[in-house]
Visitor: 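Got a structure here, written out as structure tokens. Questions coming.
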Amino acid sequence: MARKILCVAEKPAIARAVATHLSGGSFHTREIRGNKYVKNYEFDFNFGGAWGNCSVTMTSVVGHLTGLDFDPQYKGWQSCPPGALFEAPVQETVDKDKLPIANNIRDQAKYSKALFIWTDCDREGEHIGSEVRNQAKAGNARIEVKRAKFSNTESAHVRRAALEPVNLDEYQASAVAARIELDLRIGAAFTRLQTLQLQTVVAALKEKVISYGSCQFPTLGFVVDRYLRVKNFKPETFWGIKVILSREGKKVNFLWKRVHLFDRAVVTMMLERCLVAKQAKVIKVNQKPTSKWRPLPLTTVDLQMMGSRFLRLDSQTIMKVAEALYTKGFISYPRTETDQFDKAIDLKKLVEKQYPDDSWGQYARELIDGKFRTPRSGRHNDKAHPPIHPVSWVSPNQLNANEKKVYEFVVRRFLACCSDDAKGQSTEIEIQYGDESFHTNGLIVLEKNYLDVYVYDKWESSQQLPNFERGELFEPTEANIFEGKTTAPNYLTEPELIGLMDANGIGTDATMAEHIAKIKEREYVAIHQRGGGRSSVQEFIPTRLGVALVEGYDNVVEGLPNSVSLSKPFLRKEMELRMLEICSGTKSRQEVVQQSLDMYREVFIHTQRRINMLKTACRKYLVEETES
DNA sequence: GCAAGGTC
């Protein structure tokens with residue numbers, strides 16, 4: 001009998017795709033008991049080398065198999081002081097609803113010579129791989145464990161991954177194990193502490209869970225930070241000089257190089273010197289071709305940011321819709337950090353699939369007829385998924401309103417990536433007037449290219465400038481002082497918030513929308529509408545509770561050396577750096593867990609000692625509400 | 001009744 005090899009992917013869709021490629025399309029599908037998503041695909045494949053021809057069972061898990069929790073006697077909120085959760089024993093168990101999947105792996109492992117792990121090639125994937133291995137070993141202690149390394153499900157790439165397996169990266173799996181333990185202990189300890197302590201302070205908090213998490217709190221922190229900047233803003237008056245010239249029936253506005261200053265007397269004096277000089281001299285006439293770059297291939301973060309800006313959908317809705325489109329086979333996997341297309345992907349074939357569309361089919365045809373350009377490459381590659389792109393065409397009447405919006409965006413973005421940059425001609429003119437410099441710019445758009453399909457970007461010709469010659473002298477038609485006031489920043493919008501989270505390493509592409517939803521659910525922040533109609537914008541404003549928590553924690557650590565407020569992203573960032581050290585092998589999992597726990601325990605102890613700071617802040621912001 | 005991370 002041929003040797004048997006068990007293959008396990010991270011999700012059913014990948015199992016199916018890999019089975020299709022390795023089997024050349026002919027495989028047997030078997031249902032497993034107790035889970036309707038996971039299937040076993042059976043076929044033969046020649047792994048070459050020592051393995052040779054094997055009979056394969058390809059199956060999958062559905063994300064993580066196991067979860068970490070405290071031993072049962074610590075689960076009640078009154079069972080121990082919250083601080084005890086830093087040391088309380090924890091156990092890893094297979095999630096109840098994942099038991100059929102775990103059993104399937106054990107059973108299949110019994111008859112298998114080897115296990116090939118096909119989870120995503122990222123950190124979490126490595127950990128999921130280790131969970132799969134543990135189950136397989138439980139079924140068959142002698143099973144040999146290998147790992148397939150692949151970054152997309154293109155056929156040749158998948159086959160090569162099967163022929164050249166590597167080993168599981170234990171370091172990366174350990175890093176994730178450390179993350180899981182830290183998130184649990186720290187999250188539960190602080191959540192119980194602040195919930196139990198604050199519930200009794202004001203009636204408004206009586207029934208509330210006041211959760212703490214290493215991602216949700218910094219997310220709240222960003223919202224509060226901006227809110228305070230808006231609230232504490234004091235407008236300042238400034239003055240500047242503007243110079244106008246009417247020529248050839250056109251009015252040219254020259255802008256001051258200093259933009260504006262906050263001292264009226266000084267600006268007046270500078271203007272006087274200009275007027276005394278009478279004539280301005282053209283010192284630079286610069287005409288040059290310019291272009292507006294086509295967008296980069298689409299990542300999840302970009303989809304969420306552009307989506308809430310142009311499609312008027314919040315990030316969680318966008319992800320739900322994108323997942324539905326993915327499940328139905330219309331777009332590629334929507335959770336990716338990659339903004340570069342692999343050379344192996346046949347992009348032209350994907351463009352051709354859009355021919356039938358009434359809105360952009362013609363554009364797709366023009367691309368194939370000669371306008372196609374290889375997409376730009378960004379700097380990110382998660383080595384697990386390609387950028388988000390359409391995989392097949394779907395008629396708009398098969399989609400609901402939101403699906404239509406998101407699908408259209410993904411397609412237009414993809415076609416834009418495969419287009420040429422927009423081309424134009426820019427003119428820059430600089431003049432010297434008295435002791436001051438002024439400048440003006442003109443733009444003529446010559447070829448719109450990608451802008452024809454990517455309707456979300458705007459780039460338009462300015463009024464055409466009259467002719468100027470270098471060295472010429474002219475007397476301005478007008479030169480005078482203008483006055484203005486600095487204006488407050490706006491409250492945070494969702495794309496800005498996602499940008500901040502991304503830049504500070506808060507959450508992952510798959511979870512950012514969840515953290516935002518979480519702080520809404522906990523009533524730490526609320527959404528307000530600014531403006532009306534099509535130009536309206538959704539803004540995040542902290543609730544009284546949200547402000548109270550941030551102010552309270554800021555006060556808790558105020559004046560203490562080495563203690564950073566929990567509302568800031570620094571602690572999480574430090575944890576992330578330590579995880580990278582586990583990945584590079586310079587620190588062990590135990591070391592990192594201990595170090596990070598020590599760091600958070602210090603803040604925890606301060607918080608307990610100065611709990612009145614938190615209580616006072618809650619009274620300050622929440623008491624009026626309860627009296628009404 | 002707590003977290004964040006996978007995925008359905």
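Per chain, numbering begins at 1; letters A, B, ... match sequence-line order.
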Visitor: Between dA3(B) atom P and I519(A) atom CD1, what is the distance in whole Å?
Guide: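 Distance check: I519(A) CD1 to dA3(B) P gives 13 Å.
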Visitor: Between T327(A) and T191(A), which has a closest nucleotide on DNA chain B that is more 5'?
Guide: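 The residue mapped nearer the 5' terminus is T191(A).
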Visitor: Salt bridge check: are K404(A) and E408(A) linked by an N-O gap of less than 4.0 Å?
Guide: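 Judged by the 4.0 Å cut-off on N to carboxylate O distance, K404(A) and E408(A) do not form a salt bridge.
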Visitor: In whole angstroms, how far is the P atom of dA4(B) from the CZ atom of R123(A)?
Guide: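 Checked: the CZ to P distance equals 15 Å.
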Visitor: V209(A) side chain: which of dA3(B), dG5(B), dG1(B) is closest?
Guide: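 It is dG1(B).
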Visitor: Please work out if R179(A) contacts a base, only the sugar-phosphate, or nothing of the nucleic acid, heavy-atom cut-off 4.0 Å.
Guide: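 If one applies the 4.0 Å heavy-atom cut-off, R179(A) turns out to touch a base.
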Visitor: Provide, to the nearest angstrom, the distance between the NE2 atom belonging to H515(A) and the P atom belonging to dG5(B).
Guide: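 Distance check: H515(A) NE2 to dG5(B) P gives 4 Å.
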Visitor: When all nucleic acid strands are considered with a 4.0 Å heavy-atom cut-off, which category describes Q216(A): base, sugar-phosphate, or nothing?
Guide: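 Q216(A): backbone/sugar contact only, no base atoms under 4.0 Å.
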Visitor: Answer yes or no as to whether dA3(B) has its base stacked against Y212(A), where stacking requires a ring-centre separation under 5.5 angstrom and planes under 30 degrees apart.
Guide: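 By the stated criterion, Y212(A) and dA3(B) do not stack.
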Visitor: Would you mind classifying the nucleic acid contact of T508(A) as base, sugar-phosphate or nothing, using non-hydrogen atoms under 4.0 angstrom?
Guide: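 If one applies the 4.0 Å heavy-atom cut-off, T508(A) turns out to touch the sugar-phosphate alone, with no base involved.
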Visitor: Return no unless some side-chain N or O of R572(A) is found under 4.0 Å from OP1 or OP2 of dA3(B).
Guide: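 No.
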Visitor: Provide, to the nearest angstrom, the distance between the CG atom belonging to L193(A) and the C1' atom belonging to dG1(B).
Guide: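 Whole-Å distance recorded here is 15 Å.
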Visitor: Calculate the interatomic distance between Q197(A) atom CD and dC2(B) atom C1'; express it in whole Å.
Guide: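 Whole-Å distance recorded here is 15 Å.
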Visitor: Validate the cation-pi geometry between K520(A) and F540(A): distance from NZ or CZ to the six-membered ring centre under 6.0 Å, angle to the ring axis within 45°.
Guide: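 Ring-cation test returns no.
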Visitor: Nearest nucleotide by nearest heavy atom, which residue falls closer to the 5' end of DNA chain B, L184(A) or D509(A)?
Guide: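 Result: L184(A).
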Visitor: Taking CG from D69(A) and P from dC2(B), how many angstroms apart are they, rounded to a whole number?
Guide: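 Those two atoms, CG and P, are 12 Å apart.
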Visitor: Tell me: CZ of F604(A) to P of dA3(B), nearest whole Å?
Guide: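 Going from F604(A) (CZ) to dA3(B) (P), I get 15 Å.
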Visitor: Over all strands shown, is Y333(A) touching base, sugar-phosphate only, or nothing at heavy-atom distances under 4.0 angstrom?
Guide: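 Here Y333(A) touches the backbone only, sparing every base.
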Visitor: Students often get this wrong, so: under 4.0 angstrom with heavy atoms, is I210(A) touching a base, only sugar-phosphate, or nothing?
Guide: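 The answer is nothing, as I210(A) stays clear of every strand by at least 4.0 Å.
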Visitor: Scan L313(A), I388(A), I318(A), L298(A) and name whichever one has a side-chain contact (heavy atoms from CB on, under 4.5 Å) with F409(A).
Guide: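 Looking at L313(A), I388(A), I318(A), L298(A), the match for F409(A) under the side-chain contact (heavy atoms from CB on, under 4.5 Å) is L298(A).
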Visitor: Just call it for Q199(A): base, sugar-phosphate, or nothing, with non-hydrogen atoms closer than 4.0 Å on any strand.
Guide: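 It contacts base atoms.
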Visitor: Look at all strands and tell whether G125(A) reaches a base, only sugar-phosphate, or nothing, counting heavy atoms closer than 4.0 Å.
Guide: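 No contact at all - G125(A) keeps every heavy atom at 4.0 Å or more from the nucleic acid.
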Visitor: May I ask you to decide if P334(A)'s main-chain N or O and T300(A)'s side chain share a donor-acceptor pair within less than 3.5 Å?
Guide: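 Confirmed, T300(A) side chain pairs with P334(A) backbone.
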Visitor: Here's a test for you: under side-chain contact (heavy atoms from CB on, under 4.5 Å), which of T195(A), L614(A), L196(A) qualifies with I210(A)?
Guide: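 Going through T195(A), L614(A), L196(A) one by one, the side-chain contact (heavy atoms from CB on, under 4.5 Å) with I210(A) is satisfied by T195(A) alone.
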Visitor: Measure from CD on E10(A) to C1' on dG5(B) and round the result to the nearest Å.
Guide: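 Computing the E10(A):CD to dG5(B):C1' distance gives 10 Å.
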Visitor: Which part of the nucleic acid, if any, lies within contact of K320(A), taking any heavy atom under 4.0 Å across all strands shown: a base, the sugar-phosphate backbone alone, or nothing?
Guide: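 Touches nothing.
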